[in-house]
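Okay, structure first, notes after.
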Amino acid sequence: MSAYSKIEKKWQKLWLRSGVYEPDLKKAKKPFYNLMMFPYPSAEGLHIGSVRTFTGIDIYGRFKRMEGYDVFEPIGLDGFGMHSENYALRIGAHPMRLAKVTEKNFYRQLEMIGNGFAWKEKLETYDTEYYKWTQWIFAQMFKKGLAYRKRSPVNWCPSCKTVLADEQVQSEECERCGSKIEKKDLEQWFFRITDYAERLLESLEKIDWPESIKTAQRNWIGRSEGYSLKFPLIGIPGQEDRKHSIDIFTTRPDTLFGVTFVVVSPELAKRWINAGWHASDEVQKYISKALVLRGSKEASVEAEKTGVFSGIYAINPANKEKIPVWVSDYVLDTYGTGAIMAVPAHDSRDFEFAKKFNLTIREVVSPDGRDHDLRVAFTDPGVLINSARFNGANSEAAKIEITKFAGGDRKINYRLRDWLISRQRYWGPPIPMIFCGVCGKSRKGERKDMAGWYPIPEKDLPVKLPFIKDYRPRGTGESPLAKDKKFSKVRCPKCKSWARRETDVSDTFLDSTWYFFRYLDAKNKRIPFDKLKVKKWLPVDMYIGGAEHSVLHLLYSRFVAKAFYDWKIINFNEPFKKFRAHGLIIKDGAKMSKSKGNIVNPDGYFKDFGADVMRLYLAFMAPLEQGGDFRDQGISGIDRFLARVKKLNSKLARTSKEGLSENSEKLLHKSIKKVGDDIENLHYNTAISQLMILLNEFEKLPSLPWHAFEIFLKLLAPFAPHLTEELWQNFKKNKIFKKQNSIHLQSWPKFDSKKIKDESFKLIVQINGRVRAVLDATTGISEKEAIALAMDNENIKKNLSSLAGSPKKTIFVPDKLLNLVI
RNA sequence: GCCGCCGUGGCGGAAUUGGUUUACGCAGAGGACUUAAAAUCCUCGGCUCGAAAGGGCUUGUGGGUUCAAAUCCCACCGGCGGCACCA
């Protein structure tokens with residue numbers, strides 16, 4: 001047991017009772033929303049890394065509170081989803097029961113760390129009152145045309161037995177379990193996030209986020225400015241020539257005269273077959289083989305290109321040449337139109353393909369206007385050749401002209417794809433949709449493209465997740481809920497016939513897109529939050545979380561906020577004004593993981609050292625945005641530091657009359673400035689080091705003036721909230737603790753800029769750039785005075801005489817340095 | 001392959017953004033207190049030559065710009081992260 005645990009428990013109780021950390025959500029004058037990504041709870045408990053993040057942002061929040069803001073720092077649990085469910089599966093517990101256990105443990109730990117949480121507003125995503133509104137959002141998405149079902153090749157995790165969104169696949173592995181992802185052709189629910197691609201990209205400009213995260217989002221959205229062109233088709237058996245044509249997207253229309261073949265993806269070819277194209281056996285065989293290979297390791301970039309001639313030809317719109325259409329899996333179906341114009345001379349992939357299948361390579365862009373025997377594709381801009389009337393033109397400049405000439409147009413393409421939202425799992429909010437085969441057939445659905453599908457009427461929400469015994473994922477492409485007939489059989493809201501309820505649940509990432517709205521909840525309202533409170537508190541002023549959410553939660557939340565904006569329920573479209581990513585805590589140079597057995601459980605440390613020591617230690621390790629190695633030896637230094645702070649008490653001056661010496665006063669004011677600046681920049685490590693320097697100074701004093709002690713406690717308060725409160729209350733001799741006399745509601749000390757100014761400084765004297773003396777000098781001395789001072793120094797004299805020369809040039813940096821160049 | 005970030009003592013990390021490299025802390029050495037140890041307190045501490053005064057070298061490596069480079073530029077080496085046949 002730590003020496004501090006008693007006072008820590010005491011203050012935690014008193015703070016809670018007096019509501020020190022509960023701002024008035026309706027009336028607050030200077031609202032400041034201080035948010036951390038809420039944790040996925042698992043029974044293993046809170047990770048030391050999360051503790052560092054949580055206490056880290058709490059330091060910031062406490063600082064802001066002392067600066068006079070009404071700080072709102074809510075907390076909750078992101079308890080739905082595969083993280084919790086996979087853990088339940090592993091230990092053979094039921095997630096619904098397990099949730100109650102983990103919840104208790106998590107809240108215990110979250111209390112233990114001493115954060116200024118607004119506990120009244122806590123929430124859990126698996127609470128029916130919460131997911132009622134997650135379902136409401138889904139239903140709204142459907143009503144606004146932003147949710148739809150589509151059959152397509154999707155990511156399938158064979159271990160989690162569910163489909164996943166593209167964002168949840170990381171280098172072909174499942175974000176949750178690390179299994180290799182397979183492709184399956186399934187009908188699934190999607191959110192039309194691609195409709196927001198441009199806006200998601202644009203408004204990145206106006207938010208204060210790390211550039212690296214913005215870049216990651218930009219890359220993910222993958223905007224590409226190019227051109228679309230049509231290639232008429234001939235030679236399709238049983239079809240009139242030029243009746244059909246093929247659309248392609250290119251960024252290089254300047255190379256159009258060099259197009260010697262067209263390639264379509266196996267998926268597109270398959271769709272042609274489904275539409276009635278009679279392809280040869282060889283072509284059919286290739287397509288089915290390629291489709292199987294898709295998504296497996298063999299189909300990697302390094303593999304040799306494969307393909308087959310389709311038997312069909314296309315007409316190059318620029319020179320009317322007849323060119324063959326090939327099928328190959330080097331063309332992606334999911335980007336552009338699933339078909340490309342191949343320019344082997346100027347694209348390395350096309351070049352490789354042409355070499356392998358002996359196809360024509362025609363150079364049309366040349367560095368010098370001459371023809372070459374190309375060994376590799378020439379991909380730079382240059383002068384056009386073999387391009388009829390465009391010969392001699394600059395390739396860059398000719399892009400738009402050639403496009404117009406060939407009847408094409410400008411086109412912007414995005415890499416981003418729609419958000420696959422359905423999951424064949426149990427532990428999530430059931431998707432609030434009903435399919436009616438009776439009135440659906442009559443095509444009277446509210447949305448023509450989704451005939452027969454109806455959202456659950458708002459008055460019938462939530463669709464409660466039933467308790468079912470066997471909640472294990474089935475791997476059949478259906479959720480375990482599909483087996484529960486009582487659940488799935490339902491009356492059609494339109495025609496009242498028996499209909500089928502959707503049994504998939506929604507992605508956990510939908511739960512977390514809007515939780516920070518729900519902290520500002522309103523009971524019995526028509527929207528999931530209180531409009532006035534949201535107007536007051538959102539967007540979030542400071543958000544901290546992991547960079548691993550760059551293109552997951554952070555992208556999805558932005559999308560949902562933009563949708564809310566369009567539905568006119570909020571008046572802003574970026575949810576997080578300022579975001580900072582915390583660093584990763586490692587142990588013995590390696591990422592903490594169960595398999596390595598190097599997970600650090602915070603409980604023992606908090607018990608042994610106390611929350612204040614741990615908070616300080618975690619903050620002192622490195623700047624919050626940097627990671628660090630967790631080494632327990634370092635804790636003892638912090639432990640000593642706090643013990644010495646405690647001892648300051650016995651040094652306190654008898655009366656308030658005593659003052660500090662000029663030098664100590666200066667250090668005190670410099671510290672006020674530095675600690676404040678450092679907290680603002682999340683450089684807690686240097687703030688703490690400054691407090692240590694200040695303490696070292698105080699310890700040298702015969703007695704400590706009251707005002708210095710007060711200021712010191714306030715500066716330390718965000719880091720060590722319990723001990724500072726204890727010392728503060730003792731010092732102030734408050735008999736009864738009231739909210740407003742808490743140290744955490746005192747105002748942050750102000751520094752006097754006059755007192756910070758130094759009247760002397762260390763003059764660095766260099767000769768030819770080498771330091772030869774460091775002299776005490778008066779602030780503001782002139783170059784002449786500095787030189788005189790330097791010349792008076794023995795070592796300088798000696799050095800100058802040995803060089804036997806007088807300075808050719810002197811460099812003088814006021815109040816800093818004098819460099820004599822001989 | 002492309003894009004982004006990083007490299008400072010035995011260790012975590014500082015360095016006012018071009019001006020004393022190594023603040024603060026850990027670990028270490030010496031000393032005080034103690035019968036002894038722990039705790040606490042004081043002192044030292046990049047490497048190297050020197051008894052000292054003082055000098056030389058040093059921020060992954062090599063070069064450049066500059067009176068002056070951890071900081072700016074170029075090349076290379078090593079590490080981390082993102083994207084990856086994106087037409």
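Atoms considered below: every heavy atom in the structure, side chains included; atoms not considered: hydrogens, waters and symmetry mates. Here the structure is a predicted model, which means the values were calculated and not measured.
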### Message
Need one value for Asn413(A): base, sugar-phosphate or nothing, where a base atom within 4.0 Å counts as base even if backbone is also close, heavy atoms only.
### Response
nothing
## Note on the structure
Closest to the 5' end of RNA chain B, once Gly336(A) and Gly634(A) are matched to their nearest nucleotides, is Gly634(A)
### Query
Rounding to the closest angstrom, what is the interatomic distance between C3(B) and G9(B) at atom C1'?
34 Å
### Task
Taking atom C1' in both G19(B) and G12(B), compute the distance separating them and give it to the nearest angstrom.
27 Å
### Message
Once hydrogens and angles are ignored, does a donor-acceptor distance under 3.5 Å link the base of G19(B) to the side chain of Gln766(A)?
### Response
yes
### Task
For A69(B) versus G30(B), give the span between their P atoms, rounded off to a whole number of Å.
39 Å
### Message
Taking the C1' atom in each of G13(B) and G7(B), what is the distance between them to the nearest angstrom?
### Response
14 Å
### Query
Between the side chains of His346(A) and Thr255(A), is a donor N or O closer than 3.5 angstrom to an acceptor N or O?
no
### Query
When all nucleic acid strands are considered with a 4.0 Å heavy-atom cut-off, which category describes Ile693(A): base, sugar-phosphate, or nothing?
sugar-phosphate
### Message
On the side chain of Asn219(A), is there an atom forming a donor-acceptor pair with the base of C83(B) - under 3.5 Å, no angle test?
### Response
no
### Query
Is Arg218(A) touching bases, backbone alone, or none of the nucleic acid, heavy atoms closer than 4.0 Å?
nothing
### Task
Among C24(B), G55(B), A87(B), find the nucleotide with the atom closest to the side chain of Phe620(A).
C24(B)
### Query
For Val774(A) and Ile688(A), take the nucleotide of RNA chain B holding the closest heavy atom to each; which residue's nucleotide lies nearer the 5' end?
Val774(A)
### Pair Lys666(A) + Glu759(A), salt bridge at N-O below 4.0 Å
yes
### Aromatic centroids of Tyr605(A) and Phe630(A) separated by under 6.0 Å
yes
### Task
Could you state the atom-to-atom distance from CD of Gln626(A) to C1' of G12(B) in whole Å?
10 Å
### Pair partner, G4(B) [Watson-Crick or wobble, under 3.5 Å]
C80(B)
### Message
Any salt bridge linking Lys674(A) with Glu680(A)? Criterion: basic side-chain nitrogen under 4.0 Å from a carboxylate oxygen.
### Response
no
